[in-house]
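Report on the following structure.
Throughout, numbering of the chain's residues begins at 1 and tracks the sequence.
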Amino acid sequence: MSLSRHIDAESLIEEHMRRRGAVGTASKNTKHVISPYINRYTSVEPAPRFKIPKNGVDAKSAYQLIRDDLDLDGKPNLNLASFVGTYIETESERLTVENLTKNLADNDEYPALMEIHSRCINILGSLWNASPQEKPVGSATTGSSEAIHLGGLAMKRRWQEKRRAEGKDASQPNILMGANAQVALEKFARYFDVEARLIPVSKESNHCIDPTKILDQIDENTIGIFIILGSTYTGHYEPVEQISKMLDDLQDRTGLDIPIHIDGASGGFVAPFCHPNVKWDFRLKRVHSINTSGHKFGLVTAGLGWIIWRSEEYLPKHLVFELKYLGGVEQSFTLNFSRPGHQVIQQYFNFLHLGYDGYARIQRNSLSNARLLSEVLEDSGLFVCLSEIHRPKGVHTFSPETSKGAEADLDDDPESYNAGLPVVAWRFKDEILKNFPHAKQSSMATLLRVKGYIIPNYPLPPDEEEVEILRVVVRESMTADLLSKLCEDIISIAESLINGDADDMHSPAHPLNAVQKLTTLSRRATSLGALSEHTSQINLNEEPRKHKHGHFKGVC
């Protein structure tokens, strides 16, 4: 006969909890709250802001208090300053919630997620005309900023390896970019000890990098050039093919081999569907890497970027880490490690659900709406547009005759117009500024904010900073009704400013202006557009001093 003994696990657990004084503790502290406001966070005691509270509150109360705070945010769909998408479909939202806790860095635990990640890389490589024979590689990132840093870092390390192999100094790398570059590009240079050589922009160069000034800035220490497919200022594509040919000629003459990284944060999901004949991608051999933002015109929620290298050859092997502590062997070549995986699932959902034709229909509709807004603003007689997607291809100046001719003769095909993002950048006409100096564009931005719109007013890049522009990003969620109302409100507010009393025109100035003068680190609010001057003001009676790093810019 075997010896049998029953062990009462529940009694053991209860005994140990009693010794610790834990039995009954939870029930004593639990409160049932009928109203979320019947707790210690009332009108007498505010919710904690600086220290974690000793005792928490029930989940329903915490939810309600935070939700009430968030009511002060603007409406995402009226945030016309942002390129970041604010809408996902119900089924995509369900997938997000179901996969909210999955970690993209954990290959062994989530193999299906990693397979979806791999499929997205392959789809993007194909979309950007990568050759399967070259075996393109890539990764999801935390937005385009991380992707840009990875692309720049790969160029720097390849340049350093080549220089050292030749027995040359590799301590003074530089990289070229337009003065219109979004701040992430300049961050790369500063964070990774690379000299940023900013190429001037001008009206003649469409407020983008000026190709005629590039070769003068190149030397043997140049690791590469960032070219922007869709400027955040005016939406223009920079001339990738033209610059690529210039660099080919330079290499033939001097032997200098200058690679290109494409910042396609926005254009990477617009050009393939709307401007397929524009050569900017891996069809050009000099393009080594491309980044884009899935959370912009990729139509997923904030937090997703992508980078693709045309071949493993252009991603130095010592930048790739092998990790084994999560249960399997994982390769990592990102700046961070753990990050949510649900945005990758959203991206793949869009690829499956929309397909090429669905993406094309959405992006072309956004461009059509942007053209309509541009035409209405210019036909009002009050404004001139610096963006050019509404003008026939090759036409770069506004005239009433040209505008009417375009409406009569052109269809809605984006290829019939100047290539660019669905962005409308405009300003008051010169005669309006001259005859009505009291009507400020900054006041327009403020008054539009009163109506709920978030539309920035900010200066153009260096060398053109005396010109201020207003800018609207037309996204998928811009309906015909919203567009119509926006046109009415812009023109109505402009007329009220022009016809208003000059003595009272200081009142609509943004209230943050006064606050910023008192801050230790003063700068323009990002909700108003680009950051202008980074200043430090210690004595409030003294003039502010420019920060040693100078000009800051670029919201997206």
Side-chain angles (χ1 to χ4, degrees), residues 25-82 84-86 93 96-97 100-101 103 142-143 145-146 183-184 187 295 301-304 336-340 342-343 442 445-446 448-456 458 508-541 544 547 549 552 554-556:
T25 301
S27 60
K28 292 178 182 178
N29 291 339
T30 300
K31 294 185 294 183
H32 176 68
V33 180
I34 299 174
S35 168
Y37 299 105
I38 302 177
N39 59 57
R40 59 193 180 85
Y41 299 144
T42 63
S43 58
V44 178
E45 181 183 354
R49 296 177 61 194
F50 305 109
K51 289 184 177 181
I52 187 171
K54 186 175 184 302
N55 297 310
V57 295
D58 62 284
K60 183 177 180 181
S61 297
Y63 166 82
Q64 188 65 53
L65 288 163
I66 295 172
R67 180 176 178 175
D68 290 348
D69 281 346
L70 293 173
D71 282 342
L72 296 172
D73 279 346
K75 294 181 179 179
N77 196 37
L78 295 182
N79 182 2
L80 306 183
S82 180
V84 177
T86 58
E93 187 175 354
T96 297
V97 173
L100 198 59
T101 60
N103 183 357
T142 308
S145 294
E146 182 187 3
V183 69
K187 277 186 177 181
H295 63 224
T301 55
L304 180 64
N336 68 335
F337 188 57
S338 293
R339 56 151 292 156
H342 59 81
Q343 292 110 333
S442 57
T446 301
L448 285 165
R449 182 63 184 262
V450 171
K451 288 181 171 286
Y453 306 106
I454 300 175
I455 297 177
Y458 57 96
H510 198 284
L512 282 177
N513 291 345
V515 175
Q516 288 163 351
K517 292 179 181 179
L518 301 178
T519 59
T520 303
L521 195 61
S522 172
R523 62 185 189 178
R524 293 193 178 189
T526 53
S527 61
L528 296 181
L531 306 182
S532 59
E533 289 180 351
H534 202 176
T535 64
S536 177
Q537 186 170 342
I538 299 174
N539 187 332
L540 297 180
N541 296 320
H547 190 278
H549 293 307
F552 282 68
V555 295
C556 60

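- Of the possible donor and acceptor atoms, none in the side chain of Asn79 sits under 3.5 Å from a partner among the backbone N and O of Tyr453.
- Counting all heavy atoms, side chain and backbone alike, Ile455 lies closest to Leu448 at CD1-CD1, 3.8 Å.
- Judged purely by atom type and a 3.5 angstrom limit, His295 has no side-chain atom pairing as donor or acceptor with the backbone of Val84.
- Taking His342 as the reference, Thr96, Leu100, Pro340, Gln346 meet the side chain to side chain contact (heavy atoms under 4.5 Å, CB included) condition, with sequence neighbours excluded.
- Side-chain atoms of Asn336 and Thr142 form a donor-acceptor pair, as typed in the model, at a separation below 3.5 Å.
- Summarising the geometry, atom OG1 belonging to Thr446 is positioned 14.0 Å from atom NZ belonging to Lys451; distances are rounded to the nearest 0.5 Å.
- When every heavy atom of Asn103 is checked against every heavy atom of Ser338, the shortest pair comes out as ND2-OG, 3.0 Å.
- Contact annotation: the side chain of Glu93 never approaches that of Thr301 to less than 4.5 Å [non-hydrogen atoms, C-beta and beyond].
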Using residues 65-74 as the side-chain source, report each donor-acceptor pair under 3.5 Å to any protein atom, sequence neighbours left out, with the distance given to one decimal.
residue, atom, partner, partner atom, Å
Arg67, NH1, Tyr63, OH, 3.1
Asp68, OD1, Gln64, NE2, 3.0
Asp68, OD2, Tyr37, OH, 2.5

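- Annotation for Leu80 and Asn77: closest pair CD2-O, 3.7 Å, computed over non-hydrogen atoms.
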